[in-house]
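Below: the structure, in structure tokens.
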Number of protein chains: 2
Amino acid sequence: MHVPIQVDYGVRALIDLAENSLQGDIQASDIAKRQEIPEQFLAQVLHKLNKFGVTTSRRGPNGGHRLAIKPSNITMGYVMRTLGNNTHPVCCLESQSKCNKSAKCTQKNVWSEVEQAVNQILDSTTIEDLIKQN
Amino acid sequence: MHVPIQVDYGVRALIDLAENSLQGDIQASDIAKRQEIPEQFLAQVLHKLNKFGVTTSRRGPNGGHRLAIKPSNITMGYVMRTLGNNTHPVCCLESQSKCNKSAKCTQKNVWSEVEQAVNQILDSTTIEDLIKQN
DNA sequence: AGTATTTATGAGTGCTTTAGTCATAAATAT
DNA sequence: ATATTTATGACTAAAGCACTCATAAATACT
């Protein structure tokens, strides 16, 4: 299993935004410096979070980003679906037509179970949880 | 999450071996045909399973492969560790030294939880389980 | 109005991984 | 001997990942 670096960066950025929420809009360059994330790449990540309604942004001087949702309502599952490349463990979980190699797909159930277990954990863990743990 | 095709092939091969266990050694080419797996690639997979003690093999005419362990004792977890590329979800779970980007690694716990949940399912699911489900 | 600043966004790039082929060696049955 | 089957390393094509680059669009300030 592999967590895309974008998810890692995204989560760290969201935590950074949450912890600095009093200072109004926060610029990508500041987050990038604090979190040691390539700035341009972070801009893309933040833009995605913006498109999916997790953050808002303002352009221009003193522009920046801020959370659009409370940290307690941002789940890891949602961040994962926003920033990850949401592929299923095996292609037979994507659509039945893709699982035509073996008539009876013996593995479908296990991998589906695995997927659900992962989602259950991620959907019940919020950015706030991560902050409180530390 | 992504399951390497080698794991998929390996599991299908093991099920094939289990279901044809009465016929003695089974050749890779036969499994390849039945399961629609590239023959040479399957040979590599079977060889790995052999090296890790899941199967045995005999070379030469009428040679082939057979299970070295009962299907009820072969777990998906073991197959995954044998054939998968066992990377942790995030590098900070591999060694502490790799988690030096942020002083406090806020994500370590979640991903560790996820990893354990996955392993728990895979380690408690056997090849026999997969066969019986169908 | 003009300029500087900041995000928006698509295109391109280099590296790694994945899935597979190819070639050849080693073992064994006949 | 010879044919058959696994063993094993080297090689390869395609895809995915983690970026960088270039440029557009919005906004604040003078």
Side-chain angles (χ1 to χ4, degrees), chain A residues 1-13 17 23-33 35-68 80 83-91 101, chain B residues 1-13 17 23-33 35-68 80 83-91 101:
Chain A
M1 171 158 200
H2 171 74
V3 178
I5 198 75
Q6 292 206 26
V7 173
D8 179 37
Y9 290 170
V11 170
R12 276 154 61 190
L17 285 175
Q23 277 125 70
D25 287 349
I26 293 163
Q27 295 170 11
S29 58
D30 289 339
I31 301 175
K33 263 173 226 147
Q35 304 296 331
E36 299 181 70
I37 298 171
E39 189 175 327
Q40 295 258 37
F41 196 41
L42 178 61
Q44 289 178 27
V45 170
L46 287 167
H47 180 52
K48 276 191 196 175
L49 289 171
N50 191 327
K51 278 203 294 184
F52 281 81
V54 184
T55 58
T56 56
S57 66
R58 261 186 38 247
R59 302 196 241 198
N62 294 316
H65 305 264
R66 69 171 66 188
L67 295 182
M80 193 73 169
L83 300 175
N85 338 289
N86 287 20
T87 54
H88 293 267
V90 287
C91 61
K101 294 217 170 181
Chain B
M1 170 159 200
H2 171 74
V3 177
I5 198 76
Q6 290 206 25
V7 174
D8 179 37
Y9 289 170
V11 170
R12 276 155 58 191
L17 284 175
Q23 278 125 69
D25 286 350
I26 293 164
Q27 297 171 10
S29 58
D30 289 338
I31 301 174
K33 263 173 229 151
Q35 303 296 330
E36 298 181 70
I37 299 171
E39 190 175 328
Q40 295 257 38
F41 196 42
L42 177 62
Q44 288 177 29
V45 171
L46 286 167
H47 181 53
K48 276 190 194 172
L49 289 171
N50 191 329
K51 278 203 294 186
F52 281 81
V54 184
T55 58
T56 57
S57 66
R58 263 186 37 246
R59 299 197 240 199
N62 294 316
H65 305 264
R66 70 172 66 190
L67 296 182
M80 195 72 169
L83 300 176
N85 339 288
N86 289 20
T87 54
H88 293 266
V90 288
C91 61
K101 294 217 169 178

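Here is how names work: the chains are called A, B, and so on, in the same order as the sequence lines, proteins then strands, and each is numbered from 1.
- B:Gln40 places its CD atom 12 Å from the C1' atom of D:dG9, with the value rounded to the nearest Å.
- For B:Ser57, no side-chain nitrogen or oxygen approaches OP1 or OP2 of D:dT5 to under 4.0 Å.
- For residues 40-59 of chain B, the salt bridge (charged side-chain N to carboxylate O under 4.0 Å, His left out) pairs, not counting sequence neighbours, are B:Asp25-B:Arg58.
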Would you tabulate the pairs of protein nitrogen or oxygen atoms and nucleotide nitrogen or oxygen atoms of nucleotides 25-30 of chain C closer than 3.5 angstrom?
{"residue": "C:dA26", "atom": "N3", "partner": "B:Arg59", "partner atom": "NH1", "Å": "3.3"}
{"residue": "C:dA27", "atom": "O4'", "partner": "B:Arg59", "partner atom": "NE", "Å": "3.4"}

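- Residues satisfying the side chain to side chain contact (heavy atoms under 4.5 Å, CB included) criterion with B:Gln44, sequence neighbours excluded, are B:Phe41.
- B:Asn62 is linked by a side chain to side chain contact (heavy atoms under 4.5 Å, CB included) to B:Gln27, counting only residues two or more places apart in sequence or in another chain.
- Comparing B:Gly64 and A:Ile5 by the nucleotide of DNA chain D whose heavy atom lies nearest to each, the residue mapping closer to the 5' end is B:Gly64.
- Taking atom CD of A:Gln44 as the reference point, atom P of D:dC17 lies 14 Å away to the nearest angstrom.
- In this model, the phosphate group of C:dT7 is not approached by any side-chain N or O of A:Asn50 to a distance below 4.0 Å at OP1 or OP2.
- Closest to the side chain of B:Ala28, from the set D:dT6, D:dC19, C:dA8, is D:dT6.
- Residue A:Lys48 contributes atom NZ, which lies 12 Å from atom C1' of D:dC19 at whole-angstrom precision.
- Proximity of A:Tyr9 to the phosphate of D:dC19: a side-chain N or O atom is located under 4.0 Å from OP1 or OP2.
- What separates CG of B:Leu42 from C1' of D:dT8 is a distance of 15 Å, to the nearest Å.
- Annotation: side chain to side chain contact (heavy atoms under 4.5 Å, CB included) contacts of B:Ala43 (sequence neighbours excluded): none.
- Side-chain N/O atoms of B:His47 include none lying less than 4.0 angstrom from OP1 or OP2 on D:dT6.
- In terms of heavy atoms, A:Ala68 sits closest to A:Gly53 at CB-O, 3.5 Å.
- Taking atom CZ of B:Phe41 as the reference point, atom C1' of D:dT8 lies 14 Å away to the nearest angstrom.
- Between B:Pro4 and B:Leu83, every side-chain heavy-atom pair lies at or beyond the 4.5 Å cut-off.
- Residue B:His2 has no polar side-chain atom (N or O) positioned under 4.0 Å from OP1 or OP2 of D:dA15.
- Here C:dT6 presents its C1' atom at 11 Å from CG of A:Asp25, a figure rounded to the nearest Å.
- Atoms CD (A:Glu39) and P (C:dT7) sit 8 Å apart, rounded to a whole Å.
- Atom-to-atom, CD of B:Gln35 to P of C:dG20 comes out at 15 Å; the value is rounded to the nearest Å.
- Residues that satisfy the side chain to side chain contact (heavy atoms under 4.5 Å, CB included) test with A:Pro61, not counting sequence neighbours, are absent from this structure.
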